[in-house]
Protein chains: 2
Amino acid sequence: MPSLPTKPALRERYDRRQEEVVDAAAELFGANGFQATSMADLSSATGLTVGGLYHYVGSKDELLFRICHGLMEPLLDHARAIAADGSLTPGERLRALLGEWVGHVIARRHSMLVFGQERHVIEREPRWREIRRARKEFERVLDDLLEQGRASGELSYDDRAVTLLALLGMVNHVPQWYRPRGPLGPDEIADGYWRLLARAGS
Amino acid sequence: MPSLPTKPALRERYDRRQEEVVDAAAELFGANGFQATSMADLSSATGLTVGGLYHYVGSKDELLFRICHGLMEPLLDHARAIAADGSLTPGERLRALLGEWVGHVIARRHSMLVFGQERHVIEREPRWREIRRARKEFERVLDDLLEQGRASGELSYDDRAVTLLALLGMVNHVPQWYRPRGPLGPDEIADGYWRLLARAGS
DNA sequence: GAAGTTCTAGTGACCGTTCGGAAAAGATAG
DNA sequence: CTATCTTTTCCGAACGGTCACTAGAACTTC
């Protein structure tokens with residue numbers, strides 16, 4: 001825990017550099033694994049020396065925490081906003097959320113891979129409660145939309161619990177195979193997934 | 001590489017103990033992570049001392065390899081057999097494979113979690129070519145069944161590539177949430193997934 | 001000169017692996 | 001059944017290396 005800059009202008013620069021470090025860490029961790037990536041590797045990637053890194057981050061675990069925290073927070077915000085948008089039907093809301101969601105996991109696929117890789121840490125340690133809660137709530141929003149979509153007749157499925165888990169599985173899996181210049185873009189993916197749920201209506 | 005027993009009776013016992021070690025490793029690695037699990041942890045779990053472990057396994061990496069190898073091999077055999085079963089329609093074949101597949105990932109969920117966790121090792125190192133090939137071929141079998149199922153009218157989907165990836169995602173995700181005494185059993189899961197693909201026919 | 005940033009040079013702990021030999025189990029012979 | 005030899009199993013102690021993290025000095029910026 002290095003002493004933070006007090007003057008606002010310097011504080012801004014400090015925050016920017018810190019974010020650069022976190023982003024670089026997310027990419028490395030996602031590509032090579034959290035434990036398999038040393039602070040020395042991160043040092044090479046950022047240009048800072050190993051000691052210098054600790055000016056911006058307290059520990060390697062804090063890096064992991066920042067990465068995962070930056071993942072769930074904005075996604076949950078989006079989900080809440082879309083779910084509360086009364087100008088759309090439930091089906092349209094689910095479709096919109098699916099688009100945002102897929103775009104999100106693709107944009108932050110490196111972080112998503114870290115998130116999945118270090119699941120055992122996130123599940124167990126008490127420090128991660130807030131992140132687990134955010135994930136739970138996101139699932140609840142999804143579940144509600146599924147239920148409302150069935151009530152409105154836009155969706156048809158038999159088992160809501162299984163369908164929710166299927167949806168979570170297919171979207172969370174995207175970072176494992178997505179390639180930036182591959183044949184499938186975010187919109188095609190979200191559309192294909194959507195049609196698996198809503199095909200009865202087309 | 002310790003010298004193996006030559007007498008068949010002893011060899012059998014040796015193999016059995018080795019499998020016990022591998023199974024214990026799969027459970028520990030799956031629960032706590034491969035890198036985060038030390039040989040000392042595995043020693044506690046097996047009752048052997050750390051040095052004694054190396055009588056049954058050459059290295060920690062070999063453990064990882066054995067775990068993943070035992071995963072893909074039997075699954076691919078099942079898939080090939082089902083795909084070649086002419087007594088079933090394409091849709092029935094896909095349904096049967098889905099049942100086997102879900103049962104398989106649940107029975108070996110610990111190994112599955114390791115497999116996902118150490119993806120970066122499996123993708124890159126040349127030693128793992130065989131396992132990557134097996135996975136590719138499994139996907140090809142699935143893809144064929146999807147295509148045949150559409151041709152026979154039992155399935156209806158728009159984008160086969162996306163549908164295949166959705167299927168892979170939802171099944172591979174099961175080990176992350178499945179609980180042995182939870183509300184959802186293998187059959188319900190396979191059935192729910194199947195209906196997402198085949199709902200048009202019901 | 002004060003505040004902030006980065007570097008150099010450790011330090012202690014842990015971890016995978018090795019190795020020699022003890023202990024145990026099995027085979028052989030009397 | 002006992003004694004001896006061989007094979008197999010397991011242990012305990014250590015080694016070399018890596019890694020996260022730290023302390024303090026040097027440098028840069030204002």
Side-chain angles (χ1 to χ4, degrees), chain A residues 1-22 24-26 28-29 32-67 114 117-118 120-121 125 127, chain B residues 1-22 24-26 28-29 32-67 114 117-118 120-121 125 127:
Chain A
M1 48 185 95
S3 59
L4 296 175
T6 54
K7 309 291 180 189
L10 295 181
R11 180 58 198 266
E12 189 187 348
R13 186 178 66 181
Y14 178 90
D15 286 345
R16 204 172 52 241
R17 285 232 210 261
Q18 184 183 60
E19 204 180 312
E20 283 172 19
V21 171
V22 174
L28 280 183
F29 292 168
N32 309 324
F34 173 70
Q35 308 249 21
T37 304
S38 66
M39 293 303 268
D41 294 334
L42 186 56
S43 153
S44 311
T46 53
L48 286 145
T49 58
V50 176
L53 285 173
Y54 284 86
H55 182 63
Y56 292 104
V57 63
S59 70
K60 201 184 174 188
D61 279 331
E62 186 193 316
L63 268 176
L64 183 60
F65 188 81
R66 289 192 115 89
I67 288 171
V114 181
Q117 223 162 57
E118 293 301 305
H120 49 275
V121 178
E125 310 223 358
R127 188 185 171 202
Chain B
M1 48 184 91
S3 59
L4 296 174
T6 54
K7 308 291 180 193
L10 296 183
R11 179 58 197 267
E12 189 186 348
R13 187 179 63 182
Y14 178 89
D15 287 345
R16 202 171 52 242
R17 284 230 211 262
Q18 184 182 60
E19 203 180 312
E20 283 172 19
V21 171
V22 174
L28 279 184
F29 292 167
N32 308 325
F34 172 71
Q35 308 249 23
T37 305
S38 66
M39 293 302 269
D41 295 333
L42 186 54
S43 153
S44 311
T46 54
L48 287 152
T49 59
V50 176
L53 285 173
Y54 282 86
H55 182 64
Y56 293 103
V57 64
S59 70
K60 200 184 175 189
D61 278 330
E62 186 193 315
L63 269 175
L64 182 60
F65 187 82
R66 289 192 113 91
I67 289 171
V114 181
Q117 223 163 55
E118 294 301 304
H120 43 96
V121 177
E125 310 223 359
R127 188 185 171 202

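Numbered from 1 within each chain, the chains take letters A, B, ... in sequence-line order.
Of all heavy-atom pairs spanning A/Ala25 and A/Ile67, the tightest one is C-CD1, 4.1 Å. Between A/Ala36 and B/His120, the shortest heavy-atom contact is CB-CE1, 4.5 Å. Summarising the geometry of A/Leu42 relative to A/Val21, their closest heavy-atom pair is CD1-O, 4.2 Å, with the distance given to 0.1 Å. Of all heavy-atom pairs spanning B/Phe34 and B/Gln117, the tightest one is N-OE1, 3.3 Å. When every heavy atom of A/Val50 is checked against every heavy atom of A/Ala40, the shortest pair comes out as CG2-CA, 3.9 Å. For B/Arg66 against B/Val22, the heavy-atom pair with the smallest separation is CD-CG2, 3.8 Å.
Judged by distance alone, the side chains of B/Ser38 and B/Asp41 do bring a donor and an acceptor atom under 3.5 Å apart.
Rounded to whole angstrom, the span from the CG atom of B/Leu63 across to the C1' atom of C/dC15 amounts to 15 Å. In this structure, OH of A/Tyr54 is placed 7 Å from P of D/dT22, rounded to the nearest angstrom. Rounded to whole Å, atom P of C/dG16 lies 10 Å from atom CG of B/Asp61. Following rounding to the nearest Å, A/Leu53 (CG) and D/dA23 (P) show an atom-to-atom distance of 17 Å. We find that NZ of A/Lys60 is positioned 12 Å from C1' of D/dC21, with the value rounded to whole Å. Distance A/Gln35 CD to C/dC15 P: 10 Å, rounded to the nearest Å. Following rounding to the nearest Å, A/Asn32 (CG) and D/dC19 (P) show an atom-to-atom distance of 12 Å.
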Problem - Dot-bracket notation for DNA chain D, counting Watson-Crick and G-U pairs under 3.5 Å, with | for partners on another strand - result: ||||||||||||||||||||||||||||||
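Nearest to the side chain of B/Thr6, among D/dC21, C/dG16, D/dT8, sits D/dT8.
A distance of 9.5 Å separates CG of B/Leu64 from CD of B/Glu125, quoted to the nearest 0.5 Å.
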Problem - Footprint string (nucleotides 9-16 of chain D, 5' to 3'): B base within contact, S backbone only, - free, heavy atoms under 4.0 Å - result: BSBB----
Problem - Audit row: A/Asp15, A/Arg11, side-chain contact (heavy atoms from CB on, under 4.5 Å) steps and yes/no - result: CA-CA 6 Å; A/Asp15 286 345; A/Arg11 180 58 198 266; 3.1 Å; yes
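If you check every strand for non-hydrogen atoms under 4.0 Å, B/Thr46 touches nothing.
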